[in-house]
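Numbered from 1 within each chain, the chains take letters A, B, ... in sequence-line order.
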Protein chains: 2
Amino acid sequence: MLEKISLQTLQRLPVYLELLRQDAASDNISANRIAEELGLTEIQVRKDLAAVSDAGRPKKGFVVTDLIADLERALGYDNADDAVLVGAGRLGRALLSYAGFQRYGLNIVAGFDTNPRAWGQDEVSGKMIYAMDKLDDLCRRLSVHMGIITVPAPVAQCVCDELVGAGCRAIWNFAPTHIRAPGNILIKNENMASSLALISHHLRRNLEEEA
Amino acid sequence: MLEKISLQTLQRLPVYLELLRQDAASDNISANRIAEELGLTEIQVRKDLAAVSDAGRPKKGFVVTDLIADLERALGYDNADDAVLVGAGRLGRALLSYAGFQRYGLNIVAGFDTNPRAWGQDEVSGKMIYAMDKLDDLCRRLSVHMGIITVPAPVAQCVCDELVGAGCRAIWNFAPTHIRAPGNILIKNENMASSLALISHHLRRNLEEEA
DNA sequence: GGCATATCGATATGCTTTTATCGATATATC
DNA sequence: GATATATCGATAAAAGCATATCGATATGCC
């Protein structure tokens with residue numbers, strides 16, 4: 001079942017799950033209603049959900065609790081991914097202390113930084129921040145396979161290489177630069193400039209229309 | 001020329017621009033080389049660039065300075081968008097103080113928060129953080145049309161409504177919830193859970209393959 | 001100056017994703 | 001219990017996007 005989920009569908013699944021969790025009061029919910037709430041078409045919702053669940057019943061819709069369970073299983077929220085974070089700057093510490101990741105199956109086990117003043121227990125998150133030379137050992141001992149990069153752009157590639165060297169198979173990159181890794185390693189660039197391009201483009205067209 | 005840029009292309013343009021800015025030493029660059037650096041195909045690069053530039057010449061490639069200029073114009077970096085940010089928590093302040101946005105044509109003019117202890121000048125960014133009842137007036141006086149939401153999920157929709165009421169036409173939402181607005185308002189959800197779904201899915205398949 | 005070659009740009013093919021159509025089925029009402 | 005209807009699920013068409021192919025063109029070398 002897991003094989004045939006398309007990339008686009010996969011990215012919408014957490015959105016459905018979030019909506020259902022907020023809305024867990026009702027017993028049943030129809031694809032039509034989900035679509036309305038999220039601004040999608042009901043056909044797309046049905047197709048997405050069909051990929052992970054068969055909790056839908058004619059005339060009633062989907063059984064909410066079953067659908068939530070199916071989504072959580074499909075997304076692997078039952079056993080959370082461990083991750084390390086490199087770069088304890090403002091963004092890095094904001095992510096370290098973001099409690100919401102637990103709800104999405106992510107567990108950041110520790111932070112790393114080159115700056116000695118950052119080392120020790122982070123006040124806000126309560127998580128430990130270590131020197132870079134501890135990275136490899138910790139990743140291997142705890143079998144961490146995911147790295148989060150929140151360092152300045154110029155050192156992002158170097159940090160990426162270190163993470164890969166320490167056994168990471170997936171990298172979540174918040175540095176505003178493109179980084180590379182061998183083919184079997186997944187790089188997910190969280191590119192704010194791309195989002196901004198969409199927004200800015202819309203704004204200009206929207207304001208032009210008026211004039 | 002601006003009409004026919006596809007959404008996917010639009011999101012890749014800032015990536016090209018970033019690469020070129022880093023690499024501004026050389027006079028010319030070929031689509032092939034850009035593709036190699038970014039892990040794309042040269043055909044896609046050419047097609048993307050063709051949408052915004054004709055700085056390409058056979059045998060030489062693209063004139064870097066011209067291409068940068070074309071990209072900046074297409075992305076509207078010549079006149080930056082002003083924006084307001086609502087929610088001066090850790091993520092909000094991290095974004096407020098992120099200097100890199102200037103390079104992407106974004107200028108956050110001020111922050112807003114309900115908590116009186118956040119009001120005043122933010123130490124790190126030097127930007128002012130105001131009470132929510134100042135929002136409408138400031139947006140209108142400065143003709144701000146873009147709002148950034150970094151508040152907890154439960155109040156995100158309410159903040160969105162206020163921003164729209166104050167004249168915003170585009171919303172950049174970092175709250176981990178889906179928000180709605182009238183059709184002509186663009187909502188860009190920066191959904192970390194979606195990214196995480198991709199990463200987690202890759203990890204599981206990758207680790208399964210070995211076993 | 002002519003020729004080989006790197007590179008572009010345009011047209012065509014194929015794949016992925018979305019949207020449309022239609023029949024199937026369980027529930028509720030009479 | 002029969003019938004109407006809300007809703008699902010599957011198959012089919014359309015759109016959007018990526019990849020392949022091929023001719024055109026400017027550059028540099030002989």
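- Across all their heavy atoms, A:Gly167 and A:His145 have their closest contact at O-CD2, 3.4 Å.
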Kindly determine whether B:Arg103 and B:Glu18 satisfy side chain to side chain contact (heavy atoms under 4.5 Å, CB included), including the steps that lead there. CA-CA 9 Å; B:Arg103 287 165 61 84; B:Glu18 184 62 34; 3.6 Å; yes
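- Rounded to whole angstrom, the span from the CG atom of B:Asn32 across to the P atom of C:dA6 amounts to 11 Å.
- Atom-to-atom, CD1 of A:Ile5 to C1' of C:dT17 comes out at 15 Å; the value is rounded to the nearest Å.
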Below 3.5 Å between N/O atoms, which protein atoms pair up with nucleotides 10-17 of chain D? Just atom names and distances, please.
none

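- Ring orientation note: the planes of B:Phe101 and B:Tyr98 are nearly perpendicular, at an angle over 60° on the 30°/60° scale.
- Using a cut-off of 4.0 Å between Lys/Arg side-chain N and Asp/Glu carboxylate O, A:Asp122 and A:Lys127 are scored as not salt-bridged.
- Salt-bridge annotation for A:Arg21 and A:Glu72: present, with a side-chain N of the basic residue lying under 4.0 Å from a carboxylate O of the acidic one.
- Using a 4.0 Å cut-off between a side-chain N of Lys or Arg and a carboxylate O of Asp or Glu, B:Glu208 and B:Arg204 do not qualify as a salt bridge.
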Begin from the C-alpha positions of B:Leu106 and B:Gln102 and carry the test side chain to side chain contact (heavy atoms under 4.5 Å, CB included) through to its verdict. CA-CA 5 Å; B:Leu106 178 68; B:Gln102 291 289 348; over 6 Å; no
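- Under the 3.5 Å distance criterion, with hydrogens and angles disregarded, no donor-acceptor pair is assigned to the side chains of A:Asp48 and A:Gln44.
- Atom NZ in A:Lys4 sits about 17 Å away from atom C1' in C:dT17, given to the nearest Å.
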Anything under 3.5 Å between a protein N or O and an N or O of nucleotides 27-30 of chain D, put it in a table, one pair a line.
unit_1, atom_1, unit_2, atom_2, d
D:dT27, OP1, B:Arg57, NH1, 2.8

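- In this structure a side-chain-to-backbone donor-acceptor pair under 3.5 Å is present from A:Ser97 to A:Arg93.
- In this structure, A:Leu40 atom CG and C:dT19 atom P are separated by 8 Å, rounded to whole Å.
- The distance from atom CZ of A:Arg33 to atom P of D:dC8 is 12 Å, rounded to the nearest whole Å.
- Protein atom CD of A:Gln11 is 14 Å distant from nucleotide atom C1' of C:dT16, rounded to whole Å.
- With rounding to whole Å, A:Phe62 atom CZ is found 12 Å from D:dT7 atom P.
- Between the C1' atom of D:dC8 and the CD1 atom of A:Ile34 lies a distance of 12 Å, rounded to the nearest Å.
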